[in-house]
Colleague: 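Here's a structure for you.
Labels below follow one simple rule: chain letters A, B, ... track the order of the sequence lines, proteins then strands, and each chain is numbered from 1. Just the heavy atoms: all of them, side chains too, but no hydrogens, waters or symmetry mates, feed the values below.
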Amino acid sequence: MILKLAVRNIIGNGWRSLVNVLILSIVLIGMVWMQGLFDGWSRTARRQMQEWEFGDGHYEHKDFDKYDSFTWDKSNSKIPAELQSLIEQGKAVPILISAGVIYPQGRLTPITIKGIPHDQEILEIPTEYLRVEDQTGIILPAVIGTRMARSTHLEEGDILTMRWKDIHGAYNAYDIQITKIMDTPVPPVDDSQVWVDFTHLNEAKALQNSATHIVLKDDSDIVKNEQDFRFITIDESMQGTDALIDVKRLSGNLLFALLLFLAMIAIFDTQILAIFKRRREIGTMIALGMTKRQIVKLFTIEGCLYSVFAAVATSILGLPLFIYFGVSGYKIPQEMSNLSIAGTAEPIKCYYSPSMLLSTFILVLLITALASWMPTYRIARMKATDALLGKV
Amino acid sequence: MKKILYIILPILLFAGVAQAITAAEILAKVDENMNAKTTKSTSRMIVETRRATRTMSTVSYAKGNDIAYTEYTAPAREKGTKMLKIKDDLWLYDPSTDRVIQISGNMLKQSVMGSDLSYEDFMDEVELAKTYTATLQEDTVYDERSCYVLSLAAKTDNLAYSKRVIYVDKERLVPLYQELYAKSGKKLKTMRMSKVTKINQRWYPLQVVFKDELKSGNGTTMIVDEVSFDIKIPDHYFTKAMLRK
């Protein structure tokens, strides 16, 4: 009965209710779109990083710390037999990492050298361009990304010198030729990276079949005897990227928290006004036997119904928008694309998970319930006789 | 006839003695001249780039080749910057941020104040006789001085430069020119020494031009204005606490 009465009252409020529902609906559309965008970004980044960097998880040398380049030259070991077997079956790909320096246009530029087999097919890196055709030659084919090419002013066909220290600490230097500039959506594969052939980098570092990372095609191929390596799941690999996306998500959420706050003020105001205008009605209801608790419930449900109606309006008004951004995607602005986060190179397809939709609606419902309930403290202090006389 | 013999014999004898000096002995003499137990020097580093020429002044204190403390005294922008090297560790103090940072990893490969020297080069000072096997090549004349040419091959795998070629002044036994090579045989750096001066009992080049052969530019000139060897330097100069003083 209370619910029926609440619905009738909301409809009876006319324009005032409509405005409240519309404001709430706009906030909900924005919140769902924004959450969908960031969830979509995270999914796109994950897919791209799997395709270009981590496969279905990877083994990492126990001494390797991606945040401490001091560890890079020392963190490599001979590939364990079980992992070597996976590599030979095409189920894994080894990567050797070294710090180095190149001299584009005679400028000293510190880089990260990565050695990867030229015949691998697990990662999207165009490694076929790393094949050394002339084994007696001293020019090593190298692949770099577009961002690296832009920052160093290098073009395909350019020859330059690359210098590094071998495993014993002795300098070595080769000329390299840029055989391919790859367009990768994953900045960590591109920024300050020079990719060369795995075997040749091993030789140049005075190593033998040693690797820093071993990327798996399928995480079901985890081996028992990993020796100096430890397995890093794709979730662990994604932590840094997810954290960066969450920072962006937070700034978006702050904007919608502000809008939600304004919508709540509107509902709060409406409730205050309603209680003031409906004093006689409240008095009559009390006189007819309704408890104050039931009346508080009535007003709270009325407020909550705004968010229910707003959810309905959102699904009608927002659906075309959600479908458009879910199918065509949203192109991140150029200034954000320059951030070193995967997933920004192509339009991000918004992803609306049921849990996200439900949690967003429940959040708005709870906040609306709070904003609707707070003004009803006046009802609890009302005396039926005073209410009937309109004295409250 | 006798007269001629008197003249020729000493020349032949001297030539014989002179030829008897081995590559290892030359290298040991070079080390004697170039290395000291302790060194205090005031010097200028002139960096020539495509845009401008910058001069930086430093005061350095060193103990052998492993331990060194350097303070920049000019220009104003670099004044107060300090560097401390203890064996394989290198710390830098930046007065603008009042912070001490350890130079490691890729940072070691960066150029020092835009010069042709990297931080790594500060770490790679070695005693040549101990670490290289020398072979005498054909003599040459360099900078109007008669020189031995030594080809040095690293005795161990862990030296930064696996090969060096040095021109050593025959008379003063100081290097006048040096080429440093990578394992692949690529020439990486050259050093040209000049203004060789006798300081106490040793000959010492007061000017060195470093050139990174892979980098464009005219190189970096280091001019030593004052230098004293084997003096007493308090141990506290070689502590991290000194960086913040």
Colleague: Would you indicate whether A/Lys62, at its atom NZ, is surrounded by more than 12 heavy atoms from other residues, nucleotides or ligands within a distance under 6.0 Å?
Modeller: yes
Colleague: Take atom CZ in B/Arg99; do more than 12 heavy atoms of anything else shown fall under 6.0 Å from it?
Modeller: no
Colleague: Any chance NZ of B/Lys211 has more than 12 other-residue heavy atoms, nucleotides or ligands included, within less than 6.0 Å?
Modeller: yes
Colleague: Got a second to check how far A/Thr109's OG1 is from B/Lys215's NZ, nearest 0.5 Å?
Modeller: 10.0 Å
Colleague: Could you tell me which non-hydrogen atom of A/Tyr103 sits nearest to which non-hydrogen atom of B/Asp212, and how far apart they are?
Modeller: OH-OD2, 3.0 Å
Colleague: Only pairs of heavy atoms separated by less than 4.5 Å count here; which of B/Leu188, B/Asp157, B/Leu180, B/Asn158 has the most with chain A?
Modeller: B/Asp157
Colleague: For B/Arg77, does the CZ atom sit with more than 12 other heavy atoms under 6.0 Å from it, leaving out its own atoms?
Modeller: no
Colleague: Drop me the distance from A/His168's NE2 to B/Leu159's CG, to the nearest 0.5 angstrom.
Modeller: 11.5 Å
Colleague: Compare all side-chain heavy atoms of A/Asp175 with those of B/Lys186 and state whether any distance is below 4.5 angstrom.
Modeller: yes
Colleague: Could you tell me which non-hydrogen atom of B/Ser216 sits nearest to which non-hydrogen atom of A/Gln105, and how far apart they are?
Modeller: OG-O, 3.9 Å
Colleague: Taking atom NZ of B/Lys37 as the centre, report whether more than 12 heavy atoms of other residues, nucleotides or ligands fall under 6.0 Å from it.
Modeller: no
Colleague: Shortest non-hydrogen contact from A/Ala173 to B/Ala182?
Modeller: N-CB, 3.6 Å
Colleague: In Å, rounded to the nearest 0.5 Å, how long is the span from OG of B/Ser184 to CZ of A/Arg163?
Modeller: 11.5 Å
